[in-house]
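Chain letters run A, B, ... following the sequence lines, proteins first, then strands; residues in each count from 1. Keep in mind that what you see is a predicted model, and the values were worked out from it rather than measured.
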Number of protein chains: 2
Amino acid sequence: MGKREPEIGRIFHALGDPMRRAIVERLRERPHSVSALAGPLKITLTAVGQHLKVLEEAGLVRTEKLGRVRTVRLDAEGFAVLEAWAAEHKGEWARRLDRLGDLLGGE
Amino acid sequence: MGKREPEIGRIFHALGDPMRRAIVERLRERPHSVSALAGPLKITLTAVGQHLKVLEEAGLVRTEKLGRVRTVRLDAEGFAVLEAWAAEHKGEWARRLDRLGDLLGGE
DNA sequence: TTGATAGTGAAGTGAATGCTTCACTAATGA
DNA sequence: TCATTAGTGAAGCATTCACTTCACTATCAA
């Protein structure tokens, strides 16, 4: 339950929340348990769990439960999808500038 | 009024909405008037205006009003910021893999 | 076995979001 | 001049969201 293939809409929505971005930043250093994430963020374990669900469904985070501890780490998949989208939409500008000549002459 | 420097939180929030992504996709082809955007999307002019405000404040779109027509086009600035963020967070993986050796030995 | 510790699930709450309608202004063109 | 077209602003509404509390399960350690 939870894991889905990363879809750009989910990714943007997931990263649109500052708390979830904070979680991502913490995870860049190293994997954390859910409690370890909750501590400095000053929100409840429950809230963190809800954020993690969103991040996991976006493919940005992967979790694994051993005993009673769930370990959370970043998942490259979602970030790869995001990077691809961003690169394509930014790369568009080169093409757009190429087309500028046409626009100046045409419609 | 409206224009702000692109901030990653605004950008993610703006692109988290499917209707706004649809607007962005339409604008990739060419600039459009507000009405031209509203037509195929089947929402009111007002709603489009609200979306454009969000996109503009995120630095993803730029608008210019001539006479009674507001022309909307993509703004490279927001996309550049997004691409930088995405590249950095994806690029993290190389560094992470480098650090893997440490993790296998240490904490 | 018993008492912490780690996390989950359901339900509720207040705030933010996306959208609409209505009323209005400004430009255009017949 | 007068009807049409393009867009804006305010207000209202239903839905989604982020968060909490409370109750509960599972694991670990003494």
Subject >> Carboxylate-amine/guanidinium contact Glu25(B) Arg28(B), below 4.0 Å >> reply: yes
[N], OP1 or OP2 - any side-chain N/O from [X] closer than 4.0 Å?
{"X": "His51(A)", "N": "dC17(D)", "result": "no"}
{"X": "Arg68(A)", "N": "dA4(C)", "result": "no"}
{"X": "Thr44(B)", "N": "dT20(C)", "result": "yes"}
{"X": "His13(B)", "N": "dT17(C)", "result": "yes"}

**OP:** Can you spot which of Val72(A), Leu52(A), Leu74(A), Leu60(A) makes a side chain to side chain contact (heavy atoms under 4.5 Å, CB included) with Ile23(A)?
**Re:**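 Of all the options given, the one that passes is Leu52(A).
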Rounded to the nearest Å, what distance is computed from the [atom1] atom of residue [X] to the [atom2] atom of nucleotide [N]?
{"X": "Phe12(B)", "N": "dC17(D)", "atom1": "CZ", "atom2": "P", "result": "17 Å"}
{"X": "Leu45(A)", "N": "dT5(C)", "atom1": "CG", "atom2": "P", "result": "12 Å"}
{"X": "Lys65(B)", "N": "dA27(C)", "atom1": "NZ", "atom2": "P", "result": "8 Å"}
{"X": "Lys53(A)", "N": "dC19(D)", "atom1": "NZ", "atom2": "C1'", "result": "15 Å"}
{"X": "Arg10(B)", "N": "dA16(C)", "atom1": "CZ", "atom2": "P", "result": "14 Å"}
{"X": "Leu37(B)", "N": "dT8(D)", "atom1": "CG", "atom2": "P", "result": "12 Å"}
{"X": "Ile43(A)", "N": "dT20(D)", "atom1": "CD1", "atom2": "C1'", "result": "11 Å"}
{"X": "Leu55(B)", "N": "dG18(C)", "atom1": "CG", "atom2": "P", "result": "10 Å"}

**OP:** Indicate, with a heavy-atom threshold strictly under 4.0 Å, whether Ser33(A) touches base, sugar-phosphate, or nothing.
**Re:**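 Ser33(A): backbone/sugar contact only, no base atoms under 4.0 Å.
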Original post:
Pick the nucleotide of DNA chain D nearest each of Lys42(A) and Val69(B); which residue has the one closer to the 5' end?
Top reply: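 Checking each residue's closest nucleotide, the 5'-ward one belongs to Val69(B).
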**OP:** Using modelled atom types only, decide if a donor and an acceptor are shared between the side chain of Arg73(A) and the backbone of Arg62(A) within a distance under 3.5 Å.
**Re:**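 Side chain of Arg73(A) to backbone of Arg62(A), a donor-acceptor pair under 3.5 Å: no, none is there.
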Subject >> dT20(D) base / Gln50(A) side chain donor-acceptor hit below 3.5 Å >> reply: yes
**OP:** Measure from the side chain of Thr46(B), starting at C-beta and using heavy atoms only, and say which of dA10(D), dA6(C), dT20(D) lies closest.
**Re:**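 Closest of the options to the side chain of Thr46(B): dA10(D).
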Subject >> Nearest-neighbour nucleotide for the Ala47(B) side chain, dC22(D), dA6(D), dC19(C) considered >> reply: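 Shortest atom-to-atom distance from the side chain points to dC19(C).
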Original post:
Heavy atom of residues 17-24 of chain A under 4.0 Å from DNA chain D: which residues?
Top reply: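 The answer is Asp17(A), Met19(A), Arg20(A).
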Subject >> Heavy-atom closest pair, residues Ala58(A) and Ile11(A) >> reply: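 That would be O-CG1, 3.4 Å.
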**OP:** Return the minimal non-hydrogen interatomic distance between Ile43(A) and Ala47(A), and the atom names on each side.
**Re:** CD1-CB, 4.0 Å
**OP:** Scan residues 39-52 of chain B for pairs that pass side chain to side chain donor-acceptor pair (under 3.5 Å), counting only residues two or more places apart or in two chains.
**Re:** Arg20(B)-His51(B)
**OP:** Please work out whether the ring planes of Trp85(B) and Phe12(B) are parallel, tilted or perpendicular, with thresholds of 30° and 60°.
**Re:** perpendicular
